[in-house]
Amino acid sequence: MAFDLQKLLRPHIASLKPYSSARDEYTGKEGIFLDANENALGSVSEQPFNRYPDPYQSKLKEKLGAIKQVPPSNIFLGNGSDEAIDLLFRAFCRPGIDNVIIMPPTYGMYEVSAGINDVATKKVSLSPTFDMEVQNVLDAVDGNTKIIFICSPNNPSGNKIDRQAIYQILSKFDGLVVVDEAYIDFSDEPSFSLELSQYANLLVMQTLSKAWGLATLRLGMAFASLEIIGILNKIKPPYNISGLTQDTVLEAIGNTKQLEHMVKEILSQKEKLQLALEAIPEVEKVYPSSANFLLAKVPQANQAYQQLIDKKIIVRDRSKVQRCEDCLRITVGSEAENTQLINALKEVLRNITNKH
Ligand SMILES: *Cc1c(COP(=O)(O)O)cnc(C)c1O
């Protein structure tokens with residue numbers, strides 16, 4: 001038993017000849033560019049949008065790499081993490097044959113992306129306290145299991161998954177282990193990206209959509225071995241990150257002071273929100289969270305959700321999700337928003353419980 005990336009890969013991807021863009025074939029910056037059928041006169045926009053962007057986002061990777069302490073060559077950038085998830089299915093999972101393991105309750109895109117690619121998902125529930133059941137996960141592995149998705153801190157439960165448990169999966173599973181760290185900036189846990197040299201089968205995902213506050217720009221990161229990054233680069237759409245996103249992110253991520261400030265403020269608001277939720281008599285439980293949201297168990301969660309909408313407050317109803325029965329997932333907002341949420345929820349829950 002050993003990790004063999006070539007064996008894991010779908011055979012036609014191994015032999016695929018990728019599209020070679022104009023910007024792949026000539027990478028110099030100076031000259032008269034008549035190679036990509038762009039508009040040489042300019043753009044209908046005031047901004048110079050007429051040229052194709054860097055297909056491999058090298059400047060951006062350099063800067064992100066310095067911030068994340070990951071060599072630029074070990075970074076893949078996607079149009080959101082969701083693009084990286086989809087590319088992993090397309091690279092490794094044969095439709096109708098292979099499968100992946102997910103651990104409900106977890107991020108919905110793993111299963112949706114699997115479904116789009118006609119790949120089966122094996123579900124190994126987290127425990128009632130949302131911990132990973134390592135032996136159950138390993139027992140679910142069969143000869144066609146290609147990827148195990150671990151989300152830590154987990155969405156929608158908010159807890160981080162035990163580090164030792166993740167090490168066990170990494171060392172005992174011969175396929176790819178994806179550790180989705182979308183919420184890592186809110187957690188005191190070190191990133192698994194620091195373990196890349198120890199585990200050839202590790203891929204760590206992060207995103208600029210949450211703590212960094214750049215959701216609209218769509219930038220997801222995957223950190224992995226050179227070989228895995230090479231495969232993602234080979235099958236990605238040539239210009240998957242727009243020039244606007246590359247330039248804007250490049251400028252914005254220098255502002256780590258603002259990141260730290262916002263994270264600190266959100267964490268402090270989260271503590272207050274947690275106490276305020278726990279002080280509402282009808283709230284049955286608020287789960288511990290290492291992310292920027294709280295999962296709260298309330299009576300008649302779906303009704304509560306609807307009645308909050310009537311008050312123009314939108315939370316996420318997770319009551320249909322396994323192990324999240326009667327749970328609402330509440331993103332930590334600004335202080336004023338949180339106060340309004342608390343007041344509205346008090347009223348809504350009082351109404352609901354009085355009627356029963
Ligand atoms: C929000 C989120 C993402 C981010 O997706 P993007 O496509 O990068 O915006 C990824 N994983 C999890 C678990 C999330 O909650």
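Keep in mind it's a predicted model, so treat the numbers as computed, not measured. Indexing begins at 1, ligand by ligand and atom by atom, following the structure's order.
For Ala304 against Leu349, the heavy-atom pair with the smallest separation is CB-CD2, 4.1 Å. For the residue pair Phe76 and Lys61, the shortest heavy atom distance occurs at CA-CE, 4.4 Å.
Taking a 4.0 Å cut-off on heavy atoms, Arg218 registers as neighbouring ligand 1. Ligand 1 lies nowhere less than 4.0 angstrom from a heavy atom belonging to Ala215.
Looking at Ser209 against ligand 1, only its side chain comes within 4.0 Å, counting heavy atoms. Under 4.0 angstrom from ligand 1, the non-hydrogen atoms of Asp82 come from both its backbone and its side chain.
Within ligand 1, the atoms closer than 4.0 Å to a non-hydrogen atom of Ala182 are 2 (C), 3 (C), 10 (C), 11 (N), 12 (C), 14 (C), numbered from 1 in the order shown. Within the listing of ligand 1, atoms 1 (C), 2 (C), 3 (C), 4 (C), 14 (C), 15 (O) sit less than 4.0 angstrom from a heavy atom of Lys210. Near Cys151, meaning under 4.0 Å from one of its heavy atoms, ligand 1 places the atoms 13 (C).
A salt bridge does not link Lys68 to Glu181: none of the charged nitrogens lies less than 4.0 Å from a carboxylate oxygen. One finds no salt bridge joining Glu83 and Arg218 here, because no Lys/Arg side-chain nitrogen approaches an Asp/Glu carboxylate oxygen to under 4.0 Å. Between Lys160 and Asp188 there is a salt bridge, with a side-chain nitrogen of the basic residue lying less than 4.0 Å from a carboxylate oxygen of the acidic one.
Of the candidates Asn154, Ile166, Ile148, Met132 forms a side chain to side chain contact (heavy atoms under 4.5 Å, CB included) with just one, namely Ile166.
Atom 15 (O) of ligand 1 has its closest protein heavy atom at Tyr183 OH, 2.6 Å.
Here's the thing with Asp180: one of its N/O atoms is less than 3.5 angstrom from an N/O atom of ligand 1.
Using cut-offs of 30° and 60° for the angle between ring planes, the Phe33 and Tyr26 rings count as tilted.
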